[in-house]
Structure formats: structure tokens, C-alpha cells
Asks: 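My questions all concern the structure below.
Counting starts at 1 for both ligands and their atoms, in listed order.
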Amino acid sequence: MSALFIFFLFLLPAFLLLTRRRSSKRLPPGSLGIPIIGQSLGLLGAMRSNTAEKRLEQRIRKYGPISKLSLFGKPTVFIYGQAANKFVFTSDSSTIAYQQTKSIRMILGDRNLFELSSEDHKRVRDALVSFLKPESLKKYVGKMDEEIKMHLELHWHGKEQVTVLPLMKTLTFNIICSLLFGVERGACRDQFVTNFEEMIEGMWAVPVNLPFTRYNRSLRASQRVQNMVKDLIHEKRMALEQKMASPHDDLITCLLSIRDQDNLQLITDKEIIHNVMLIMVAGHDTSSVLITFIMRHLINDPAVYATVLEEQEEVAKGKLAGELLTWEDLAKMKYTWRVALETLRTVPPVFGGFRKALRDIEYGGYLIPDGWQIFWATNITHMDDSIFPEPAKFDPNRFENQASIPPYCFIPFGGGPRICPGYEFARIETLVAVHHLITQFTWKLQCSDSSFIRDPLPVPTKGLPIQIMPKKLI
Ligand code: HEM
Ligand SMILES: *[C@@H]1O[C@H](CO)[C@@H](O)[C@H](O)[C@H]1NC(C)=O
Ligand SMILES: *[C@@H]1O[C@H](CO)[C@@H](O)[C@H](O)[C@H]1NC(C)=O
């Protein structure tokens, strides 16, 4: 056999393959920065001073829609836009996986929804959704209403000045304790709150497990919270066995009651504990930020304020004194919800997120190598003027016809099979809270500047201190 023949038979295809590989599968542009620390410190710092979007925009101008950088010590590809969002949210779990930082995984536990994939993810998620879906949650509107009224009695009435963000965190945490975990007001709930606060302090900390580090304190607090949830599960299981509790009482009794074909508990105790931890974190900061920024926007925008007030007074007029709000009342709060959606577009509580490539992926003409992180950002798509004309303008009427917004473009709750399952819960608590705030109080801002920092969730200046005046109740 001639050498030429060998070349044609074996070497040429290999040669072509190699050159093809090199030309069609190149890495995205950008710089990986200093190894290990990379650009993550830069990005976290930028988040704090709220210049992160500007940085990302500069990056887009410099490198185009796909670029590489190094975040949290890992090589990362940053992508954005409708197609990118669709790719991130709908790729199957053998292509890309969820990726949390080590701190978050260690603090929340390895069986929470963020860590699960494929069948396990579906099983646990379906169980959570069986409680969080609208048809199930509609029964709890009254209970939510009671929690919010009690909160206003305790922390707002009789005060002249309050700071909105920390109070909204207290409120949303209490709502979660009551509706999801069935922990009523009292010493137990207070202890829960204290431990929980200590736990989340270290979520974004550098994972160095030495005594006196933030991370170590956080891990210890996490152990205490997990033990409390364990006790709670034990109590509720006994109560269910003795028919002293019902599966519909709260999320935990609901999860304990879901059975497989052999009548065994479908969701393990560990999965219940770790997902309770996740929901405490995922559910309370996000909605407290939303309600806070709605309050700030309302007072800065008299036209929007007047329309929301009119809608809410109309609902209030239809109620007897002390009568609780119902699911049907919420259906009348259409404009208020559009204001909330526009707030989520302009100040998305979740900045973006991370995924991990599980194999070499070709995307947009570039290679995303196996093991690299993929970073998606909410804000860049929300501020795209080809999707939302005049993106800087606050215009709730964009959401009059939600179907007119193209898919994967409005993504405050993510998308695809991992879209936030707390959407309805957040909707109910936001509407009920705005209802009572606007019908019971008028308020004035004490800091007029409209900026905020990211920590990593948006925080308005000084947490939004306001002066409040009670209204005469109708
Ligand atoms: C305004 C309020 C909220 C916002 C903006 C929000 C946002 C998000 C986003 C963006 C994701 C997806 C993250 C990703 O794909 O990387 C998510 C996931 C999640 N959220 Fe929410 N959330 C909110 C309220 C809630 C509430 C009230 C709960 C619980 C009652 C909740 C529970 C969860 C859970 C369990 C996941 C993980 C879902 C999965 O991986 O399958 N969220 N949320
Ligand atoms: C905190 O640090 C101490 C000392 O290094 C260690 O013994 C302990 O296990 C750590 N706590 C947790 C929860 O990891
Ligand atoms: C989103 O990006 C715009 C433009 O860069 C910026 O003005 C705005 O503050 C950002 N909002 C959030 C919530 O990050």
C-alpha cells in the first residue's frame, strides 16, 4: 500500500476533522482573568455598587453575545438573550446541570431541589407543586390575610417611621412559617428566625470551614435549623397518625402524606428537611424585595399609585369589617399585579444564575467545554428594547396582554422545567400585602434617591425608611 493511500484513507479524514474541530469549535472570546479568584470578586463588588449590569453591557459590547470569564474560580461562559435563555432553561439534564456554589450546597443540604436532577428532581418538584399550585393555594388566601393584618398591627400601627425591607423580610418569613411549615407565632418561631438569619449570613461567604469564619457559623446554624425541622417532622407524623392533623394543614403534612404504590412515603425525611431549607431561602428574600420596590415605586409615580389605590379601594368596599380576602378578590387586582410584574422586570430580585456543562456543547458557533459554568442574567433581557420598547420606562400596561411577550424574555422566575414553583405563592402574598398597605396607610420616602445595591439581592438605600400615616379605615 502506498503511503499516499494511507494518507487518504486515514490521515486526511483525521486532518480534516482536526481542522474542522478547531475552526467550528472555538472558545468564546473574553479573558479568564487571574486564576482561582478570577473576576468573581470584581463581579460581587460590582453587584454591591450596582454596576454589574454596566460591566456585563461593556462585556457584551466588547465580546458580543457569548463570552468567557472566570467566576468563583471556575471558567464560565456568559450568554444572554431569548435564544440563550431558552437554551439554559430547556436543555435536558444530560447536557447542562444546575450549579450552586459549595457554600450554598453545604448550608442547604444536598437533597434540595437545586441539587437534584432528572427523575429525583421531578418527583420532589411534583410533590412541592402539589401544595404550591393555584388550585391548592387558593384555600390559604384568608390565612395569608390574617398573617399580614397581624404583622401590620404589631409593626406598623402606632409608628411614625418604619424601614420597609427588614419588615417585609419579617413578614414573608412569618408567612412561610405559618403556611408552609405550620409553625405558629411564639418561642419556637422566634428561635427558628434567629437561627435562620445566622444561617443565611454565610450563604455567599467564602467556604473556609475554620472556627469563627462566617461560613462555619452558618453551617452550625444550618445544623440547628435542620434539627428543628426534624423535630417538626416527627411531631407532624405523630399527629397525622393519630388523625390530629390533615395532609392539607401545611407543606410538611402534605409532603409526609404523599405515598408511592407500596404506601411508603414518596419524599424522604432528608428531602423534606433540605427542601424546607431551600424554600426558606428562595421564598422569603425574593418576595420581600418585590413588595419593598413596589412600595417605593408607588410613591414616586402618582399616576400608577392612583390607579392601584382605586382598584384596591374598590375591593375593600366590597368587604365587611374584618372579613378576610378571598381568591375571588385577588382576581380583581389585575392592575396591581401588572405593577408587580413591571417591578419584577425593572428590578428583578434574582440577578441570574449558574448551570454547568456536562459535556462539550456547541452553542452559537462556539464551544462550551465539558465542566464549564454557564452564567445567565435576567436584567440584560429585560432591558432589551427590541423586546420591551423604551425599557427604562415603568409601564405596567406592557403586561395587559401577557401572551404578547415572547417566550423566555420575561424571566424573573426563570423558565422551563425549573421555573420558580413559588410564583403563585409570591403573587398571593404580594397582592394581599399591597392591598392592606395602600388601604391602611399613606407614606412618604425619607431617602429620595432611587438607587439600590445588590447584596446579591437588590437593597434600596438604607432599606427604605419611610414616614407613615394611618388612614381612617373605611
Ligand atoms: C418574587 C418572588 C420570587 C422570585 C423573583 C423567584 C425567582 C426564582 C428564580 C429565578 C428561580 C429559578 C432559578 C434558576 O433557574 O436558576 C426560582 C426557583 C425556585 N423558587 Fe423562586 N422566586 C420567588 C418566590 C418564591 C417562593 C415564594 C418560593 C416558595 C414558596 C420559591 C421557591 C423556589 C424553588 C423551590 C425554586 C427551585 C425550583 C427548581 O429548581 O425546580 N420561590 N425562583
Ligand atoms: C466549625 O469549625 C470547627 C473547628 O474547625 C469544626 O470542628 C466544626 O466541625 C465546624 N463546624 C461545622 C458545622 O462544620
Ligand atoms: C438593569 O440594567 C439597567 C441598565 O443597565 C440598570 O439601569 C438597572 O439598574 C438594572 N436593574 C437591576 C435590577 O439590576
Asks: Could you find the nearest protein heavy atom to atom 1 (C) of ligand 2 and give me its residue, atom name and distance?
Replies: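 The closest heavy atom on the protein side is N216 ND2, 1.5 Å.
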Asks: Check contact between F354 and ligand 1, using heavy atoms of the residue and a distance below 4.0 angstrom.
Replies: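 Distance cut 4.0 Å: F354 fails for ligand 1.
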Asks: I need the nearest protein heavy-atom contact for atom 11 (C) of ligand 1: residue, atom name and distance, please.
Replies: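 Nearest protein contact, heavy atoms only, for atom 11 (C) of ligand 1 is F413 O, 3.9 Å.
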Asks: Take atom NZ in K149; do more than 12 heavy atoms of anything else shown fall under 6.0 Å from it?
Replies: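 More than 12 within 6.0 Å, yes.
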Asks: Give me the residue, atom name and distance of the protein heavy atom closest to atom 14 (O) of ligand 2.
Replies: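 Checked against all protein heavy atoms, atom 14 (O) of ligand 2 sits closest to N209 ND2, 2.9 Å.
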Asks: What is the closest protein heavy atom to atom 13 (C) of ligand 2, and at what distance does it sit?
Replies: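 Residue, atom and distance for the closest contact: L219 CB, 3.6 Å.
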Asks: Looking at L367, is its backbone amide N or carbonyl O close enough to the side chain of E362 to form a donor-acceptor pair, meaning the two atoms are under 3.5 Å apart?
Replies: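 It does not hold such a pair.
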Asks: Does R355, backbone or side chain, put an N or O under 3.5 Å from an N or O of ligand 1?
Replies: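 Between R355 and ligand 1, an N or O pair is found under 3.5 Å apart.
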Asks: So which of P412, P349, A340, G415 gets nearest to atom 10 (C) of ligand 1, if we judge by its closest heavy atom?
Replies: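 Among P412, P349, A340, G415, the closest heavy atom to atom 10 (C) of ligand 1 comes from P412.
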Asks: Any side-chain donor-acceptor pair under 3.5 Å between E201 and S218?
Replies: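 The criterion, which ignores hydrogens and geometry beyond distance, is not satisfied for S218 and E201.
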Asks: Looking at D120, is its backbone amide N or carbonyl O close enough to the side chain of R125 to form a donor-acceptor pair, meaning the two atoms are under 3.5 Å apart?
Replies: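 Such a contact is absent between R125 side chain and D120 backbone.
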Asks: Which bit of R418 is near ligand 1, meaning a heavy atom under 4.0 Å away: side chain, backbone, both or neither?
Replies: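 The answer is both.
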Asks: Could you tell me the residue and atom name of the protein heavy atom closest to atom 33 (C) of ligand 1, and the distance to it rounded to 0.1 Å?
Replies: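 Answer for atom 33 (C) of ligand 1: P421 CD, 3.6 Å.
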Asks: Atom 26 (C) of ligand 1: which protein heavy atom is closest, and how many Å away?
Replies: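 For this ligand atom, the closest protein heavy atom is G283 CA, 3.4 Å.
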Asks: With the threshold set at under 4.0 angstrom, would you say W376 reaches ligand 1 through any of its heavy atoms?
Replies: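 So W376 counts as touching ligand 1.
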Asks: So which protein heavy atom does atom 32 (C) of ligand 1 come closest to, and at what separation?
Replies: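 Looking at atom 32 (C) of ligand 1, the protein heavy atom closest to it is A282 CB, 3.8 Å.
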Asks: Ignoring hydrogens, tell whether any protein atom lies closer than 4.0 Å to atom 9 (O) of ligand 2; use the non-hydrogen atoms only.
Replies: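 No, no protein heavy atom sits under 4.0 Å from atom 9 (O) of ligand 2.
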Asks: Ion pair present between R224 and E198, side-chain N to carboxylate O less than 4.0 angstrom?
Replies: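 The answer is yes: the pair qualifies as a salt bridge.
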Asks: Are a donor atom and an acceptor atom from the side chains of D92 and T95 found within less than 3.5 Å of each other?
Replies: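 Yes, T95 and D92 have a side-chain donor paired with an acceptor closer than 3.5 Å.
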Asks: D360 side chain to D370 main-chain N or O, any donor-acceptor pair under 3.5 Å?
Replies: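 Yes, the answer is positive, given that a donor and an acceptor are paired below the 3.5 Å cut-off.
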Asks: Can you tell me the protein heavy atom closest to atom 14 (C) of ligand 1 and the distance?
Replies: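 The answer is Y98 OH, 2.7 Å.
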Asks: Please write down residue, atom name and distance for the protein heavy atom closest to atom 37 (C) of ligand 1.
Replies: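 Among all protein heavy atoms, the one nearest atom 37 (C) of ligand 1 is F114 CE2, 3.5 Å.
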Asks: Does H284 have a heavy atom less than 4.0 Å from any atom of ligand 1?
Replies: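 Checking ligand 1 against H284, which is what was asked, there is no heavy-atom contact under 4.0 Å.
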Asks: Taking the six-membered ring for Trp, are Y98 and F354 closer than 6.0 Å centroid to centroid?
Replies: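 No: the rings miss the under 6.0 Å criterion.
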Asks: Assess whether atom CD of Q402 is packed by more than 12 heavy atoms of other residues, nucleotides or ligands within 6.0 Å.
Replies: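 Buried by this count: over 12 neighbours within 6.0 Å.
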Asks: Here's a test for you: under side chain to side chain contact (heavy atoms under 4.5 Å, CB included), which of F87, F78, F89 qualifies with W376?
Replies: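 With W376 as partner, side chain to side chain contact (heavy atoms under 4.5 Å, CB included) holds for just one option, F89.
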Asks: So if I apply the salt bridge (Lys or Arg N to Asp or Glu O under 4.0 Å) rule between D269 and each of R237, R111, K236, which one comes out positive?
Replies: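 Only match with D269 under salt bridge (Lys or Arg N to Asp or Glu O under 4.0 Å): R237.
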Asks: Is it the side chain (CB and beyond), the backbone, both or neither of L278 that lies under 4.0 Å from ligand 1, heavy atoms counted?
Replies: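 It is the side chain that gets close, since no backbone atom is under 4.0 Å.
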Asks: Determine, using ring centers only, whether Y140 and F131 are less than 6.0 Å apart.
Replies: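 Yes, ring centres under 6.0 Å apart.
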Asks: Give the atom numbers and elements of ligand 1 that come within less than 4.0 Å of a heavy atom of G414.
Replies: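 Near G414, the atoms of ligand 1 are 10 (C).
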Asks: H121 heavy atoms, cut-off 4.0 Å: which ligand 1 atoms fall inside?
Replies: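 Close to H121: 39 (C), 40 (O), 41 (O).
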Asks: Which residue holds the protein heavy atom closest to atom 23 (C) of ligand 1, what is that atom called, and what is the gap in Å?
Replies: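 Checked against all protein heavy atoms, atom 23 (C) of ligand 1 sits closest to T286 OG1, 3.4 Å.
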Asks: Please write down residue, atom name and distance for the protein heavy atom closest to atom 5 (O) of ligand 2.
Replies: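 Answer, as residue, atom name and distance: P211 CD, 3.2 Å.
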Asks: So which of I279, V350, D285, N275 gets nearest to atom 29 (C) of ligand 1, if we judge by its closest heavy atom?
Replies: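 The residue whose heavy atom sits nearest atom 29 (C) of ligand 1 is I279.
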Asks: So, regarding E429 and ligand 1 (criterion: nitrogen or oxygen to nitrogen or oxygen, under 3.5 Å), is there a contact or not?
Replies: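 Between E429 and ligand 1, no N or O pair is found under 3.5 Å apart.
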Asks: Compare S117, C420, P417 and give the one whose heavy atom is closest to atom 42 (N) of ligand 1.
Replies: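 Selected option, by shortest heavy-atom distance: C420.
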Asks: Please confirm whether R345 makes a cation-pi placement over F388, using NZ or CZ under 6.0 Å from the six-membered ring centre and within 45° of the ring normal.
Replies: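 Cation-pi check for R345 and F388: passes.
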Asks: Can you confirm whether the side chains of H436 and D145 place a donor and an acceptor under 3.5 Å from each other?
Replies: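 Yes, a side-chain donor-acceptor pair sits under 3.5 Å.
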